[in-house]
Structure formats: structure tokens, C-alpha cells
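Beneath this line is the structure, given in C-alpha cells, with notes to follow.
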Number of protein chains: 2
Amino acid sequence: MATISDVAARAGVSTATVSRTLNGKSTVDPELAARVLEAAEELGYHPNGLARNLRRQETAVLALIISDVENPFFTSIARGVEDLAQVSGYSVVLCNSDENEDKERRYLDVALQERVAGVLLSPTGPATSVTRLRRLGIPVVAVDRPLPGTDGDQVLVDTRRAARQATRHLVANSYRRVACLTGPPGVRTADDRLSGYFDAVGEENAIFRRAEYRAEGARHAAGDLLDQPVPPDALLVANSTMAIGVLEALAERSLRAGRDIGIVSFDDAPWTTLIDPPLTVVAQPAYEIGRVAAQLLLARIADSTREPVTTTLDAQLIDRQSSHR
Amino acid sequence: MATISDVAARAGVSTATVSRTLNGKSTVDPELAARVLEAAEELGYHPNGLARNLRRQETAVLALIISDVENPFFTSIARGVEDLAQVSGYSVVLCNSDENEDKERRYLDVALQERVAGVLLSPTGPATSVTRLRRLGIPVVAVDRPLPGTDGDQVLVDTRRAARQATRHLVANSYRRVACLTGPPGVRTADDRLSGYFDAVGEENAIFRRAEYRAEGARHAAGDLLDQPVPPDALLVANSTMAIGVLEALAERSLRAGRDIGIVSFDDAPWTTLIDPPLTVVAQPAYEIGRVAAQLLLARIADSTREPVTTTLDAQLIDRQSSHR
DNA sequence: TTGAAAGCGCTAACAT
DNA sequence: ATGTTAGCGCTTTCAA
């Protein structure tokens with residue numbers, strides 16, 4: 001593995017000159033530069049980024065830690081982050097915490113040890129802590145869910161309001177017993193969506209279940225709800241992976257969305273218009289969330305003293321057929 | 001940012017002792033060890049992974065470069081890779097090449113510069129080259145698509161055979177004009193699936209279109225096919241993102257899958273059973289592909305001299321309703 | 001413009 | 001069992 005001194009030796013110059021040539025920092029004699037380039041080429045030389053970063057005390061990589069790589073909402077965020085980061089010359093590496101505190105901590109540690117330039121994180125829960133990162137001066141921006149007890153940059157969605165609105169939409173469409181299926185306690189979006197639902201129906205009338213943000217758990221929870229003596233006639237579902245489970249539960253019982261039971265789900269997954277009836281959803285601006293978050297992070301990397309900012313984006317109800325009788 | 005010497009100074013020992021304590025390599029006096037740990041704690045010390053890796057000439061991170069982070073097939077692979085890597089203490093960072101040679105090259109460069117322990121790659125096309133990686137001794141295993149002109153480790157699916165089988169299935173279900181919608185030329189899976197289709201219908205009877213591996217392009221291509229004077233009565237679709245486009249094209253024309261036009265698609269996405277009629281698919285063992293690939297990579301990291309192995313997994317036709325009249 | 005040399009933070013001989 | 005020290009590959013003063 002050729003090093004910079006190999007190149008220097010071959011070109012008959014000092015390592016400093018090689019470094020200067022390759023980085024185009026200071027100006028070097030064209031003649032020497034040519035020799036350097038040639039030597040580097042011949043040797044198949046590739047700078048060792050580890051050494052460079054160690055010396056420079058900086059890296060051009062961002063870490064994005066999301067809680068479910070199989071959820072289109074998060075992959076869409078990833079696209080947004082990546083597109084923005086790339087034009088500024090940053091690479092982004094995606095880590096999947098899988099809604100699991102341990103995995104999340106591991107990836108946070110990796111980010112810390114590798115001394116990435118910054119991290120974007122959708123915290124798994126209230127236990128998530130980034131104080132270690134912050135102490136080392138590595139900026140963190142929270143995405144989709146706020147970081148417990150900190151005042152850093154964050155980009156969120158007004159998801160409580162969206163849930164309230166979606167519930168009211170169901171009520172307005174003359175569903176009388178609207179229930180809510182949300183994620184685990186402690187997961188902020190799950191709690192907020194439930195609160196929004198409470199806002200609309202009143203806590204005393206609330207019917208709800210919690211399950212993991214996954215199809216399987218949602219299928220059971222929905223089944224449980226549906227099999228009650230007096231089942232709900234409408235369901236607010238907290239994300240699209242859960243919606244899959246819910247729709248399976250309906251199919252198992254030969255229930256038709258809309259006619260038999262009103263459904264509104266969070267997240268406009270690619271398949272929501274394919275099913276019959278098409279799914280009414282609360283569309284979150286995932287790609288935009290990613291872009292904004294990356295912007296915030298880059299801005300903070302450039303200037304660590306700026307005031308923390310919280311950007312709250314709006315979700316949008318897309319009214320399709322599953323919320324009409 | 002506290003360094004190892006800060007800790008050493010505070011604990012009144014040498015840096016070597018600190019290093020030994022923290023890495024549990026050699027044995028150190030419990031008394032000293034305690035002092036070290038305490039000092040580290042007080043200082044909020046976290047080892048600098050860059051320095052460590054530079055010194056050790058190794059990292060415990062794997063790079064997984066996939067061509068579409070929004071495609072469930074690839075995210076499923078990612079899960080497989082991650083699950084296996086994790087138990088061996090490796091972290092995996094996901095990079096999205098977006099079916100784009102430039103992005104792919106950028107991420108390959110990042111992997112190279114960061115001197116990752118190994119890379120798993122689903123090459124975007126024939127131009128993909130990993131010789132630079134290999135020259136530096138960084139092992140690469142190809143996933144889902146073979147690496148042009150090399151004999152490294154790879155894990156593939158016998159996709160040609162699967163396509164042939166799927167086409168025959170359609171023919172056996174008395175569809176008479178089966179067409180094929182596949183990905184771009186040069187993308188190996190796209191070409192192989194087309195070949196499998198040729199195998200079944202004969203090249204002279206072939207009706208096919210190519211489009212990007214995305215919903216939008218597939219929608220147009222399918223529309224084009226469907227609007228022919230004598231349209232096909234069945235379609236073999238090369239992946240699930242394309243299937244979304246195809247189903248949209250059907251809906252626009254009030255065509256019903258199965259009855260009006262037989263459909264078989266590659267990849268068993270989560271939503272395929274939700275639509276009406278449920279989609280007949282060729283299910284690829286994505287998660288398993290990821291696991292096996294990670295295994296191969298780890299094995300090669302451990303022993304760079306072992307013979308390259310190609311593992312070919314089988315896909316499975318899941319017969320549902322969209323391929324029956 | 002160029003080179004010599006220090007040093008980023010860590011680990012691993014080697015010596016004690 | 002512990003410390004001393006060299007050095008991983010690079011960038012960047014500082015002199016020349």
C-alpha cells in the first residue's frame with residue numbers, strides 16, 4: 001500500500017510537496033507537480049483518509065441514524081439528507097438503530113469514535129443521550145423526534161395537530177367510534193399522535209392500542225380492537241408499516257376499509273393508491289425533513305455558536321377513499 | 001477533547017497502561033486500572049478511533065453500497081448484513097448509489113479512503129470497478145449482481161431461471177401474449193430477467209420494454225405496451241418498484257390484474273398481499289442474501305487467501321391471484 | 001517555492 | 001506488571 005513518502009521518493013521531492021500538489025493548497029512548480037502526479041499514478045497511490053483526518057481533526061462524513069431502514073418514511077428522509085449533503089461535498093452513512101436503544105448507542109459510539117463531522121438522529125426514546133457527542137463538539141440534529149431534554153437543532157412535524165385533524169376528518173365523515181393505533185410509549189411521535197387523537201375525541205371516549213411500529217404488532221392490536229363486542233368503526237393508524245398490519249387484519253375478517261371501517265394512516269407510502277379503496281393518509285414531508293435537517297447540521301458545523309433552531313413542518317391530509325363510507 | 005495522555009497524567013501512569021486497561025489486552029494491576037478508569041470517567045475521555053485505526057491498520061466497519069435505498073429488496077439485504085455483522089462486532093454503514101455510477105464511485109472512494117474493513121456492493125453496471133479497492137487489499141463481495149470481469153466472492157440469485165419459470169407460469173395460465181418489463185441494459189439483473197423471459201417465449205415472440213428500476217418509468221413503459229393496437233395480455237415485471245408503476249398504469253385504464261392482464265412481478269414487497277387481486281411474485285431471499293454476503297466478507301477478512309466463492313440462491317414463485325384469469 | 005520536522009492520538013514492541 | 005519509545009500516514013508550521 002503506497003504511502004505519501006513512497007510517492008515523494010519516487011518523484012524526488014519531499015512529502016510536503018506531494019501533499020501540497022495533491023491538495024492544491026499552496027502553489028507548486030508545475031514541473032514538480034507533474035512529477036508528483038506521475039509518481040502517484042504509477043504507484044497507484046491513494047491518500048489514507050484516516051491519517052489525513054487524524055491530522056486535520058475533521059472528516060467530511062455525516063452519520064444519519066434512523067430507527068427503521070425498512071420504513072419508506074425514513075428512507076425518504078435519507079434521500080433528502082443525502083442530496084443536500086452531497087452538493088457540499090459530504091458523504092452520509094446510514095445507520096439503522098432498529099428502534100433499539102442498544103443498537104442506537106452502538107452507532108452513536110461509532111460516530112463518536114470515527115469523529116464524524118456531525119450526526120442526524122431520530123431518537124428511539126427517552127433514554128437516548130447525545131451528551132457525549134456534544135461534549136466532544138460533534139453537532140447533532142434531531143430528526144422527526146425531539147431529543148429528550150436538550151435545546152439543539154431539530155426538525156419536526158406538527159404531528160399532534162395532524163393527528164387531531166385526521167381524527168376530526170373521520171368524525172366529520174360520520175364515523176362514531178374512532179379508535180387509535182399508535183406506537184410504543186416513550187416514542188415521541190407515537191405519544192404525540194395519540195395526544196392529537198385525544199384532543200379530537202376527548203380522553204374519556206378514547207379507544208386505543210399501542211404496538212411496535214411494525215406490521216405484525218399492528219395486525220394483532222387491530223385484530224384485538226376489531227374483535228371487541230362493540231368494535232370501533234374507524235381507525236387512526238400511526239404509520240404506514242402499521243397500516244400494513246391493519247389492512248391484513250381487515251382482510252382476515254373480510255372487512256372493507258371505508259365502508260365497514262374508516263381508516264386514516266400516517267405516511268404516504270408508495271402503495272397507498274394501489275389498494276382498494278385507496279388509503280387516506282397524513283402525508284409528512286419526509287424528503288424535505290431530510291433536506292432541512294442536513295442544512296441545519298451543515299450550518300452548525302460551519303458555525304457552532306449559532307442559536308439552536310427548531311423547524312416544524314406541516315403534514316398534509318390526503319383525502320382518499322378509505323375514510324368514506 | 002481529552003486524549004490518552006491526559007488520562008495517563010491524571011491517573012499518574014503511562015499512556016501504555018491506559019491503553020492496556022481500556023483494551024483489556026495485557027493484564028494490569030487492579031489498583032492502577034481503577035485509577036485509570038476513574039480518570040477517564042472524570043475527563044469524559046473517549047478514545048479517538050481514527051488514531052486507533054491508523055495505528056492498528058484496521059477498522060471494524062463494513063460498507064454496504066446499494067443502488068436504491070427505497071427499494072425493500074435492498075433494505076432487506078441491509079438487515080441481513082447488519083444482523084450478521086453485528087454479532088461479530090462489526091458496524092455497517094449503508095451507502096446509496098442511486099443506480100448512479102458517479103455516486104457509486106464516490107462511495108467506493110470514501111470506503112477506500114476511510115480504509116473500511118470490507119465492502120459489500122451491488123454494482124450499478126458494467127463500468128463499476130473495484131480494482132483500486134482490491135489493490136489496497138480491501139475485500140469486496142458482490143451482492144445481487146456480479147462484478148464485471150472479476151472472480152471475487154459473490155452472492156447472486158438465479159434470476160434468469162426464475163424469470164423463465166415465471167413466464168412459463170403465465171403461459172400455463174393461458175395468457176397468450178406475455179410481455180416483459182425490465183430494467184436498463186447493462187444492469188445485470190435486468191438483462192438476466194429478460195433472458196429468462198426470452199428462454200420461455202422465444203426471442204422471436206418477445207415483446208418487451210426497458211425502463212429505469214423505478215415506478216415512474218415503468219408506468220410509462222407499461223402504458224405504452226398497453227396502448228398498442230394489440231396489447232399484451234400478461235406482463236412479467238422485473239422488480240417491485242416497477243410493479244407500482246405498472247399497477248398505476250392498469251388503474252388508469254381500468255384494467256384488472258389477473259382477469260384483464262396477468263401480472264407477475266419480482267420481489268415480494270410488504271404490500272403485495274394488500275392489493276386486489278394479490279400479486280403473484282418471484283420472491284428473492286433478500287435477507288438471506290445479506291447474511292450470506294456478510295459471512296463471505298467476514299471470512300475473507302479473516303483469510304484473504306481463500307478461494308473466491310459464488311453462492312447462488314434460489315428465488316421462489318409465490319402464486320397468488322394476479323396471474324390467474 | 002521547497003524541505004525538515006513536529007505532531008495528530010493511539011498501540012505495540014521492547015526494556016525494565 | 002509497567003514504562004519508554006517508535007511510528008501508523010498525513011498536514012502544516014517554520015526556515016531556508
Side-chain angles (χ1 to χ4, degrees), chain A residues 1-37 39-40 43-61 109-110 112-117 135-138, chain B residues 1-37 39-40 43-61 109-110 112-117 135-138:
Chain A
M1 193 141 36
T3 73
I4 199 172
S5 7
D6 298 333
V7 178
R10 177 154 193 136
V13 299
S14 71
T15 59
T17 298
V18 175
S19 174
R20 282 192 276 254
T21 307
L22 265 23
N23 294 300
K25 289 293 183 187
S26 172
T27 164
V28 328
D29 186 284
E31 143 90 23
L32 287 193
R35 291 223 308 268
V36 168
L37 262 12
L43 260 32
Y45 169 73
H46 290 281
N48 183 323
L50 266 54
R52 164 181 293 169
N53 296 337
L54 176 58
R55 172 64 225 229
R56 284 210 187 136
Q57 302 277 59
E58 70 183 34
T59 29
V61 357
D109 276 348
V110 171
L112 188 153
Q113 301 212 145
E114 301 296 323
R115 301 293 198 264
V116 298
R135 259 210 303 270
L136 293 201
I138 299 180
Chain B
M1 192 138 41
T3 73
I4 199 173
S5 5
D6 297 333
V7 178
R10 178 156 194 134
V13 300
S14 72
T15 60
T17 299
V18 176
S19 175
R20 282 192 276 254
T21 307
L22 265 22
N23 293 300
K25 289 294 183 187
S26 172
T27 164
V28 327
D29 185 284
E31 144 90 24
L32 286 194
R35 291 223 308 268
V36 167
L37 261 13
L43 261 29
Y45 169 73
H46 290 280
N48 183 322
L50 267 52
R52 164 181 295 169
N53 295 337
L54 176 58
R55 173 63 229 230
R56 283 207 188 139
Q57 301 279 60
E58 69 183 35
T59 29
V61 358
D109 276 348
V110 171
L112 188 154
Q113 301 212 144
E114 302 295 324
R115 302 293 198 264
V116 298
R135 259 210 303 268
L136 293 201
I138 299 180

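Just so it is clear: chains get the letters A, B, ... in the order the sequence lines come, proteins before strands, and each one is counted from 1.
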>> Go nucleotide by nucleotide along DNA chain D from the 5' end; which of A/Arg55 and B/Leu54 gets its closest nucleotide reached first?
In response: B/Leu54
>> My understanding is that only residues two or more places apart in sequence, or in another chain, count here; which of them pass side-chain hydrogen bond (donor to acceptor under 3.5 Å, both in side chains) with B/Arg115?
In response: none
>> Using the side-chain hydrogen bond (donor to acceptor under 3.5 Å, both in side chains) criterion, which residues pair with A/Arg35? Sequence neighbours excluded.
In response: A/Glu31
>> Show me the pairs that pass salt bridge (charged side-chain N to carboxylate O under 4.0 Å, His left out) and involve residues 44-54 of chain B, at least two apart or across chains.
In response: none
>> Tell me every residue that passes salt bridge (charged side-chain N to carboxylate O under 4.0 Å, His left out) with B/Asp29, counting only those two or more places apart in sequence or in another chain.
In response: none
> Can you list, by residue number, the residues of residues 20-32 of chain A that have a non-hydrogen atom closer than 4.0 angstrom to DNA chain C?
Replying inline: A/Arg20, A/Thr27, A/Val28, A/Asp29, A/Leu32
Expected list for residues 5-12 of chain B: side-chain donor-acceptor pairs under 3.5 angstrom, two or more places apart:
{"residue": "B/Ser5", "atom": "OG", "partner": "B/Thr3", "partner atom": "OG1", "Å": "3.2"}
{"residue": "B/Asp6", "atom": "OD2", "partner": "B/Thr3", "partner atom": "N", "Å": "2.8"}
{"residue": "B/Arg10", "atom": "NE", "partner": "B/Glu42", "partner atom": "OE1", "Å": "2.6"}
{"residue": "B/Arg10", "atom": "NH2", "partner": "B/Glu42", "partner atom": "OE1", "Å": "2.8"}

>> Both B/Arg56 and B/Gly12 contact DNA chain D. Which one's nearest nucleotide lies toward the 5' end?
In response: B/Gly12
> Rounded to the nearest 0.5 Å, how far apart are CE of B/Met1 and NE2 of B/His46?
Replying inline: 11.0 Å
> Going 5' to 3' along DNA chain D, which nucleotides are the first and last within contact of chain A (any atom under 4.0 Å from a heavy atom)?
Replying inline: D/dG9 to D/dT12
> Looking at residues at least two apart in the chain, or sitting in another chain, which of them share a side chain to side chain contact (heavy atoms under 4.5 Å, CB included) with B/Val110?
Replying inline: A/Ser91, B/Glu114
> Bend across the helix from C/dT1-D/dA16 to C/dT16-D/dA1, to 10°, with axes taken over 5 pairs at each end?
Replying inline: 40°
>> Using the side-chain hydrogen bond (donor to acceptor under 3.5 Å, both in side chains) criterion, which residues pair with B/Ser14? Sequence neighbours excluded.
In response: B/Thr17
>> Could you tell me if the side chain of B/Leu22 sits less than 4.5 Å from the side chain of B/Val18, heavy atoms only?
In response: yes
>> I want to check something: taking the side chain as every heavy atom from C-beta on, are B/Thr21 and B/Leu32 in contact at a cut-off of under 4.5 Å?
In response: no
> Contact boundaries of DNA chain C with chain B (under 4.0 Å, heavy atoms), 5' to 3'?
Replying inline: C/dG9 to C/dA13
> Of all residues at least two apart in sequence or in a different chain, which pass the side-chain hydrogen bond (donor to acceptor under 3.5 Å, both in side chains) check with B/Ser19?
Replying inline: B/Asn23
> Looking at side-chain heavy atoms only, is the closest gap between A/Gln113 and B/Asn48 below 4.5 Å?
Replying inline: no
> What are the two closest heavy atoms between A/Leu43 and A/Ala2, and how far apart are they?
Replying inline: O-CB, 3.9 Å
